[in-house]
Amino acid sequence: MPDPGDAVVTWTTEYCGLAVTEMRAHGRQVEDEILTHISPAHIENVNFFGTIAVDIEHELAKLDPSGYRPLRERNGAVASILV
């Protein structure tokens, strides 16, 4: 049986890639060298020590026509740090 943690890391990796693509499309310079230091295992939604509960129907309802959930907008505080 597949490990649900593997699915979460895979999902996180995919969405990190989408976020980088989106940032680059808006003119942000994101160096590939920096990305080599980012691990999806260190992002808050990855929980190796607990239970992963997902409401599948609720999550499927959030998908856009391309099959992805929309990326979250940055709030002002985070945006000012990242600029």
Side-chain angles (χ1 to χ4, degrees):
M1 176 170 217
D3 181 356
D6 291 342
V8 173
V9 170
T10 300
W11 178 89
T12 302
T13 301
E14 181 72 13
Y15 275 84
C16 283
L18 291 173
V20 169
T21 299
E22 182 77 11
M23 290 181 349
R24 287 175 171 166
H26 284 91
R28 281 292 303 274
Q29 184 175 348
V30 181
E31 299 292 334
D32 288 338
E33 170 63 24
I34 297 296
L35 299 177
T36 63
H37 300 281
I38 297 174
S39 170
H42 296 263
I43 297 177
E44 67 186 42
N45 71 310
V46 177
N47 176 2
F48 291 107
F49 305 107
T51 302
I52 300 169
V54 177
D55 179 347
I56 299 295
E57 295 302 321
H58 179 74
E59 294 301 321
L60 288 174
K62 295 179 184 180
L63 300 181
D64 65 17
S66 67
Y68 290 102
R69 290 174 52 181
L71 297 172
R72 287 183 260 165
E73 296 292 325
R74 295 187 310 175
N75 65 35
V78 172
S80 65
I81 293 169
L82 295 175
V83 175

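For T21, there are no side chain to side chain contact (heavy atoms under 4.5 Å, CB included) partners at least two apart in sequence or on another chain. The side chain to side chain donor-acceptor pair (under 3.5 Å) search around S66 returns D64, not counting sequence neighbours. Applying the side chain to side chain contact (heavy atoms under 4.5 Å, CB included) criterion to E14, with sequence neighbours excluded, gives Y68. With sequence neighbours excluded, the residues satisfying side chain to side chain donor-acceptor pair (under 3.5 Å) with E31 are Q29. Residues forming a side chain to side chain contact (heavy atoms under 4.5 Å, CB included) with H58 (at least two apart in sequence, or on another chain): D55, K62. Residues forming a side chain to side chain contact (heavy atoms under 4.5 Å, CB included) with L35 (at least two apart in sequence, or on another chain): V20, R24, V30, D32, I38.
The minimum heavy-atom distance linking Y15 with R69 is given by the pair OH-N, 2.5 Å.
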